[in-house]
Trainee: 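My questions will all concern the structure given below.
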Amino acid sequence: MSRYVPKEIESNWQAAWDQAAVFTARHDPNRPKYYVLEMFPYPSGRIHMGHVRNYTMGDVVARYKAAQGFSVLHPMGWDAFGMPAENAAMERGGHPKDWTYDNIAVMREQMRPLGLSIDWSREFATCDPEYYGQQQAMFLDMMAAGLVYRKNAVVNWDPVDMTVLANEQVIDGKGWRSNAPVERRELTQWFFKISDYAGELLAALDGLKDWPEKVRIMQANWIGKSRGLQFAFQTVAAPAGFDAFEVYTTRPDTLMGASFAAISADHPLAKALASDPKVAAFLAECRLGGTTAEALETAEKIGFDTGIRVRHPLDASIELPVYIANFVLMDYGTGAIFGCPAHDIRDFEFATKYGLPIPSVFVADGATDEPLTEAYVPMKSEPVRYLRGFSGENVQTGEAAIAAAISHCESMGIGRGVTNYRLRDWGISRQRYWGCPIPVVHCADCGVVAEKKENLPIELPYDVTFDIPGNPLDRHPTWRDCACPSCGKPARRETDTMDTFMDSSWYYARFTAPHAKTPTDAAEAEYWMNVDQYIGGIEHAILHLLYSRFFARAMNKTGHLPAKAIEPFNALFTQGMVTHEIYQTRDDKGRPVYHLPEEVAERIQIGSHMRAALWADVFPDGRGERSDAEVITPLLEYASNPENRFVEVIPSAKMSKSKKNVVDPMNIIDAFGADTARWFVMSDSPPERDVEWTSAGAEATFKHLSRVWALCARIGEMPADHIGEGDDALMRATAKAVAEVTQGIESFAFNKAIAKLYEFTNTLSRANASTATMKHAVRTLAQLMCPMTPHMSESIWTYQGGAGLCAQAPWPVADPALLIADTVILPIQINGKRRAEITVPADLPIAEVEKIALADPDVIKFLAGAAVKKIIVVPGRIINVVA
RNA sequence: GCCCGCGUGGUGAAAUGGUAGACACAUGAGACUUAAAAUCUCCCGAUCGCAAGGUCGUGCCGGUUCAAGUCCGGCCGCGGGCACCA
């Protein structure tokens, strides 16, 4: 065994694993299965450090579970549809399909040298017709099951690019590409009835014990359950057919504070009034501006008095004006509200603007009834004194009063208690080319007709161009024009494609039978589902994970997944980002200029602060071939002159091309090997937290692995008959390492597992034990490191006489007897301060321990004659003497 | 505005209510070397002390407890999610 040169071993071991088909997932009914999945990548072009961290984490779990005897499924694929491919075609020419598959080829080749234990035979891309054809089949099944429908919806429309924009693509009210002002447009779109499942998706969150609490809370907030009263306002002087309209409120206890009613600009009553040009003009005004959060926040609250009045449901003598208001949403509740300015900030603003009365319903307990200068909105659990309404003069909390108000109204025949959800139906139509075509046909006679299943997949045509704005499918006559599947007459294919979130909502199920002629295979799904461990970024906490949970239910309803798979991910882990410093200088106008890490010289400490300089500033003719020693003096000289230009170092920033702080994993693998990259991203920081990539850290990792390598070589050269004294101690240390590393991996505390491996390595390198014990210890070390550093582990394993492949060796088990210490060191506290320490047999009775403790000279010294009031002995832990 | 989470050395971080800072990075000192690199050894929270050792110390204030980084209450700061949701 010579020097540690990763390049010489890594590709060989990868070939050995491939040859032995070690990572092929096998449906073995006699073994428990384990399905570990990392969120599959978008083929953007190159892999980045975030991928390395994500897939290494999954790989550690996969390799560990395999060593434990599980039949492991660890697949990989590509989330391959989406806009970047079209943008690339528009900007650089070429075809989205070619761009995508080229990227996939590059990234697959970049992933191979990482040595991941992936079953590549199951690989697919969502843009493969074999995949999206099955997705179309499921769409038809779900349509037949009533889970899909069409309706009009307001969207952000870019009039130049002629396409719908997602909210994220609207910047300052303008299209991100075209820079044209975005319009709100009503389009007929396809929707999934996810709202039907709102209650179930919320309730089932409680069962997801192995999901991060944070993600469950985020989903619960997103689903947004509320309980309230829905009732009808009887109208006065309204058009025919509008004798009444429904409103919804979560604060029915404030009903006596009503001073107006307001309806959405999209409300049927508003539309009925639009024959009045003034109303029509107001509605048009409401439609201006985007639907983004930003646009809404800055938008002024405006209203239009319709002249219509409604009667207060609790007191018919009170008449309230009806406004059309731009802040009332049609798709939440009933699209109409009652305004209670005294106890709602927004209503207060509105009432003040339009000079409406502001009657109070309650005041803070103990407060006097004074006119309000701002809305008084107590917490639901805050006690208040009711002035008017259902509670009389009682002091009550909002929660109790709300419940009382609902039952009071119900008993009087005014409305009913209703549960509402914020979650809206999932709009999946995209006016885009590079997505899964929606398999329906529009026929003049038959209407919307589902495509026949035998015609699937409806494949995307290749002969399209992106030189004109809009969806190329719309102007592709031979693809667009087709025969009606029902009557055979000429008809028009749906040219919208599906939201790419559809593609990622079921790929985990497809991996269980990637080549099946149906979307899934019942026997395979039964064996492999659910995903036992899912790993990915927190950015998918809501949309992807919620859609997948819904889609699994929809697949179950249409017979594509067993009932046990309606929650497809048993355990979820959300990993942090890999960050890196940003190096910034400023140009003459003070604008930031970013620099690549390799442009920046090592930092020099001058006095109390660190200074970083650009190589180019220190060596105007370039660094050339200067050695590290040759640069240090010029660097020091440069750094010591504060007149010089220095680089501002901004730590812990997300890696991004524009900030030039991206570290290419390929460079790291070239320089140090995959094992170093893998070990580094798993060490130091807890996996859920961000980890900062530092070149010093990477080098230190490489040095450590080199030390392990050298240690292994040294043990390999020990004479076979060497007898040492430390056998028992080393056996104990080995058992302890096995227990602690296992515990670390089990609990996703990879940083702690690695800390324990450092500790064990240090112990082993200082040990003087017999050759057999040393060899056993180093083989165990190789096994424990194997999930993180699989290549090096194989080399050590083989060199030390391990049988077969380390990757296939059973995970070591610690002998419990070796984990129990004979003696323990007990610190002694006196009044809570540590004063002494005693070593006693581990099984010594408490009474004996007390005796020894009280006889200890240090204890006697610190007690200084004071009487002992109490002595607490925590066995194996600590002794506290209270005086 | 509402809902979460987090504040520990120069840095990344450990710590079932039981010895705060494991493990590692950086810095410093030393060994080896003609020299450098590499490698190895030691120190490394603050403060007082020659030392032994003492005192203080987990954002701030208070509480519970024999014992609090950890539990409870109130502040301050940072981060994340949601938001015309009636």
Side-chain angles (χ1 to χ4, degrees), chain A residues 212-222 224 226 228-229 247-252 254 261-262 264 293 295-301 325-329 331-340 344-347 349-350 377 379 420-424 538-539 541-542 603 605 608 610 627-630 632 651-652 680 683-686 688-692 694 696-701 703-704 706-707 710 749 751-762 765 825-837 869-883:
Chain A
E213 180 73 17
K214 184 181 177 179
V215 173
R216 288 188 286 157
I217 289 170
M218 280 163 74
Q219 291 215 354
N221 291 343
W222 184 264
S226 73
L229 178 75
V247 297
Y248 173 74
T249 176
T250 57
R251 292 306 300 261
T254 66
S264 165
L296 292 169
E297 201 159 313
T298 48
E300 200 190 349
K301 283 151 194 57
N326 65 341
F327 61 84
V328 180
L329 305 173
D331 49 7
Y332 183 80
T334 62
I337 62 160
F338 85 81
C340 178
D344 183 287
I345 294 163
R346 191 194 45 211
D347 291 348
E349 192 187 322
F350 191 83
V377 187
M379 299 279 112
N420 254 324
Y421 296 93
R422 217 177 60 89
L423 183 67
R424 297 179 211 178
I538 186 72
E539 67 273 20
I542 297 171
R603 256 157 285 173
Q605 185 162 4
S608 61
M610 302 291 274
S627 72
D628 286 357
E630 285 162 335
I632 189 79
S652 309
F680 180 80
S683 61
D684 289 338
S685 280
E688 67 278 11
R689 233 177 276 179
D690 291 352
V691 64
E692 174 110 319
T694 64
E699 278 162 33
T701 297
K703 283 181 193 172
H704 172 70
S706 300
R707 273 194 293 272
N751 56 323
K752 285 189 250 170
I754 284 178
K756 297 300 179 186
L757 285 168
Y758 273 110
E759 217 167 304
F760 181 46
T761 305
N762 291 340
S765 68
I825 298 166
L826 290 179
I828 302 175
Q829 294 182 332
I830 291 170
N831 293 329
K833 289 197 180 198
R834 185 179 174 284
R835 295 299 188 187
E837 199 174 86
K869 289 189 196 140
K870 199 173 171 186
I871 177 163
I872 293 140
V873 177
V874 184
R877 278 284 181 188
I878 203 166
I879 301 161
N880 195 5
V881 180
V882 187

Trainee: Between the base of B:C4 and the side chain of A:R216, is one N or O donor paired with an acceptor at under 3.5 angstrom?
Mentor: no

Trainee: State the pairing partner of B:A26; accept Watson-Crick or G-U wobble contacts with both distances under 3.5 Å, and report none otherwise.
Mentor: none

Trainee: May I have the distance from A:I538 (atom CD1) to B:C82 (atom P), rounded to whole angstrom?
Mentor: 11 Å

Trainee: Check whether any side-chain nitrogen or oxygen of A:Y332 sits under 4.0 Å from OP1 or OP2 of B:A86, and answer yes or no.
Mentor: yes

Trainee: Report the residues that fulfil side-chain hydrogen bond (donor to acceptor under 3.5 Å, both in side chains) with A:R424, sequence neighbours left out, ordered by chain and then residue number.
Mentor: A:D331

Trainee: Any strand counts, and the cut-off is 3.5 Å on both contacts for Watson-Crick or G-U wobble. Which nucleotide pairs with B:C2?
Mentor: B:G81

Trainee: Considering heavy-atom distances to RNA chain B, does A:M218 or A:K870 have its closest nucleotide positioned more toward the 5' end?
Mentor: A:K870

Trainee: For A:S765, what residues pass the side-chain hydrogen bond (donor to acceptor under 3.5 Å, both in side chains) criterion, not counting sequence neighbours?
Mentor: none

Trainee: Identify whether any heavy atom of A:N831 sits under 4.0 Å from a base atom; if not, whether one sits that close to sugar-phosphate; answer base, sugar-phosphate or nothing.
Mentor: nothing

Trainee: Which letter, B, S or -, goes with each nucleotide of nucleotides 10-20 of chain B from 5' to 3', with contact meaning a protein heavy atom under 4.0 Å?
Mentor: --BSSSB-BB-

Trainee: Using atom names, set out every protein N or O paired with an N or O of nucleotides 41-49 of chain B below 3.5 Å, distance rounded to 0.1 Å.
Mentor:
none

Trainee: If the condition is ring pair (Phe, Tyr, Trp, His ring centres under 6.0 Å), which residues does A:F327 pass it with, not counting sequence neighbours?
Mentor: A:F350

Trainee: Reckon A:R424 has a side-chain N or O less than 4.0 Å from the OP1 or OP2 of B:C85?
Mentor: no

Trainee: NA contact type, A:K703, heavy-atom cut-off 4.0 Å: base, sugar-phosphate, or nothing?
Mentor: sugar-phosphate

Trainee: Which nucleotide, if any, forms a Watson-Crick or G-U wobble pair with B:G21, using both distances under 3.5 Å?
Mentor: none

Trainee: Which part of the nucleic acid does A:Y248 contact within heavy-atom distance under 4.0 Å: base, sugar-phosphate only, or nothing?
Mentor: base

Trainee: Between A:A696 and A:N221, which is nearer to the 5' end of RNA chain B once each is assigned its nearest nucleotide?
Mentor: A:N221

Trainee: Check nucleotides 55-59 of chain B against the protein and report each pair of N or O atoms closer than 3.5 Å, with its distance, or say if there are none.
Mentor:
{"from": "B:U55", "atom 1": "OP1", "to": "A:R835", "atom 2": "NH2", "distance (Å)": "3.4"}
{"from": "B:C56", "atom 1": "OP2", "to": "A:K833", "atom 2": "NZ", "distance (Å)": "2.9"}

Trainee: In whole Å, I'd like the distance from the CG atom of A:L329 to the P atom of B:A83.
Mentor: 11 Å

